[in-house]
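What follows is a short report on a single structure.
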There are 2 protein chains.
Amino acid sequence: MSLKHALLGFLNYHPYTGYDLKAIFDRSVQHFWAADQSQIYRTLGQIAEAGWAEIEVVTQTERPDRKLYHITEAGRRELKAWLTSPVPVERPHSAPMVMVFFAGLLSNEEALPLFEQAVAYAEGALAQYDTAPAVIAEYQQEIGSEREAYFWNLTLELGRKTAEAQLAWAQGVVAALTSDEIPTDQEGAAP
Amino acid sequence: MSLKHALLGFLNYHPYTGYDLKAIFDRSVQHFWAADQSQIYRTLGQIAEAGWAEIEVVTQTERPDRKLYHITEAGRRELKAWLTSPVPVERPHSAPMVMVFFAGLLSNEEALPLFEQAVAYAEGALAQYDTAPAVIAEYQQEIGSEREAYFWNLTLELGRKTAEAQLAWAQGVVAALTSDEIPTDQEGAAP
DNA sequence: AGCATATATATGAAAACTCATATAAGGAGG
DNA sequence: CCTCCTTATATGAGTTTTCATATATATGCT
């Protein structure tokens with residue numbers, strides 16, 4: 001899995017806690033990697049066990065102690081090795097597309113919400129892409145270089161293009177569904 | 001998970017064996033749902049246990065007996081209920097994008113293969129989309145209606161648009177990388 | 001006063017997925 | 001002749017992911 005490597009990628013910039021990393025994920029790479037909290041903590045444990053990071057416990061009196069993960073040389077090597085290894089072949093698992101595939105079973109009225117939700121989802125994604133560059137600029141000042149930011153932006157570009165394609169597609173289907181342009185299988189249906 | 005429902009979707013057309021379904025998945029919905037063989041058999045078991053399908057054993061002498069799964073009324077209800085339920089929010093997990101995000105760590109030469117592989121992948125996907133309509137036409141004759149085929153094609157359309165966007169994106173990055181248009185972080189680098 | 005939110009970590013249990021392997025026989029191609 | 005592919009089902013073992021829940025305190029909002 002590459003959650004390990006995504007975490008390593010951030011730890012390579014700076015030591016972070018699990019809590020920090022959850023926030024970072026939600027703000028920056030959510031569009032291509034959504035990690036849940038428990039998974040982050042567990043994976044951080046594995047990273048430490050593998051010797052890719054060392055834990056610095058920062059004692060706090062009023063809150064639970066923070067566990068800062070510092071990447072090790074072995075961790076940096078692992079990250080770089082992964083980055084230069086063959087790109088894993090994605091196995092897509094898209095439930096929404098399964099729904100579309102079998103939507104012919106439904107009436108147009110029943111199928112509509114599927115595509116309306118797709119429109120809403122794509123619009124939401126696009127809205128996030130509007131605010132993302134500011135987040136990147138912020139991180140760039142903190143830890144990143146111009147070069148890093150270039151590649152961060154590349155992921156945004158593709159995400160945006162994809163979301164735009166999805167939006168146009170879903171809007172087209174909504175239009176077709178509401179204007180009854182779709183075959184209904186009643187033999188002798190309006191041509 | 002919606003492998004259950006994807007399987008149910010096909011069983012709704014016709015009774016199939018696990019072996020059949022594996023072949024069908026690989027030929028028709030692979031672009032948005034890649035299921036592996038062992039997972040299909042296990043899930044089929046769950047479907048039968050849930051009462052969504054009944055098993056007809058077709059005895060064969062020279063080969064293992066076939067187990068044909070016939071969808072039940074309960075299975076049809078479940079399928080339709082799922083199809084009209086809220087679209088699940090996708091949690092994207094794209095390892096290739098994680099690689100791109102952290103590719104700034106690599107030199108241009110080291111980063112190149114990442115995008116070359118993306119180009120090759122997108123070209124491969126596009127080639128599959130070229131042959132897919134023929135597969136759909138074939139299935140349509142067997143089991144599908146014009147309406148069903150309409151929705152099948154919708155998934156292809158979005159898949160193709162997405163693959164095209166990916167290809168253009170990856171080709172652009174390859175061009176930028178090979179012409180050294182990318183920031184290098186050597187302070188005082190060529191402006 | 002009460003309630004939600006932010007800070008911070010962690011586990012139990014289950015579901016889902018992957019990878020390798022097993023069995024068994026016929027047919028195709030080199 | 002031998003190897004690979006197709007037909008057909010199945011399990012063991014492990015990894016990854018999800019979902020719910022637990023603990024503890026401070027702050028801000030209504």
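Letters A, B, ... mirror the listed sequences (proteins, then strands); counts begin at 1.
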Just how far, in rounded Å, is P of D/dA8 from CD1 of B/Ile55?
16 Å
Distance, rounded to the nearest Å, where B/Glu56 contributes CD and D/dA8 contributes P
14 Å
Is the B/Phe102-A/His5 ring centre distance short of 6.0 angstrom?
no
Measure the shortest side-chain to side-chain distance between A/Glu157 and B/Trp169 over non-hydrogen atoms and say whether it is less than 4.5 angstrom.
yes
With heavy atoms under 4.0 Å as the rule, sort B/Gln60 into base, sugar-phosphate or nothing.
sugar-phosphate
Where each residue is assigned the nucleotide of DNA chain D containing its nearest heavy atom, which of A/Gln46 and B/Asp20 is assigned the position nearer the 5′ end?
B/Asp20
Quick one: which of D/dT17, C/dA24, C/dA10 gets closest to the side chain of B/Pro64?
C/dA24
Could you tell me the separation between the CG atom of B/Leu44 and the P atom of D/dA8, rounded to a whole number of Å?
14 Å
Measuring centre to centre across the rings, with the benzene-like ring taken for any Trp, is A/Tyr41 within less than 6.0 Å of A/Tyr19?
no
Is there a side-chain polar atom (N or O) of B/Gln39 under 4.0 Å from OP1 or OP2 of C/dA16?
no
What nucleic acid atoms does A/Ser38 come within less than 4.0 Å of, heavy atoms only: base, sugar-phosphate, or nothing?
base
To the nearest angstrom, the CD-P distance between B/Glu90 and D/dT18 comes to 11 Å
Nucleotide D/dA10, atom P - distance to CG of B/Asp36 in whole Å:
15 Å
Given C/dT9, D/dT17, C/dG12, identify the nucleotide with an atom nearest to the side chain of A/Arg42.
C/dG12
Of all the nucleotides listed (C/dT9, D/dT18, D/dT9), which has the minimum atom distance to the side chain of A/Thr17?
C/dT9
Quick check for you: among C/dT7, C/dA10, D/dT17, whose closest atom lies nearest to any side-chain atom of A/Gln37?
C/dA10
Taking C/dT11, D/dT7, C/dT18 as options, the one with an atom nearest any side-chain atom of A/His93 is C/dT18
Whole angstrom value for the distance that separates P of C/dA15 from CD of B/Glu49
11 Å
Centroid-centroid under 6.0 Å between A/Tyr13 and A/Trp152 rings
yes
Identify which nucleotide among C/dA16, D/dT18, D/dT11 has an atom closest to any side-chain atom of B/Arg91, counting heavy atoms from C-beta outward.
D/dT18
Nucleotide D/dT9, atom C1' - distance to CG of B/Asp65 in whole Å:
10 Å
Ring center gap for B/Phe32 and A/His93 short of 6.0 angstrom
no
Residue-phosphate contact under 4.0 Å: A/Lys67 side-chain N/O, C/dA10 OP1/OP2
yes
Mind checking if A/Lys4 touches a base, just sugar-phosphate, or nothing, with heavy atoms under 4.0 Å?
sugar-phosphate
I need the OH-P distance between A/Tyr41 and C/dT7, as an integer number of Å.
11 Å
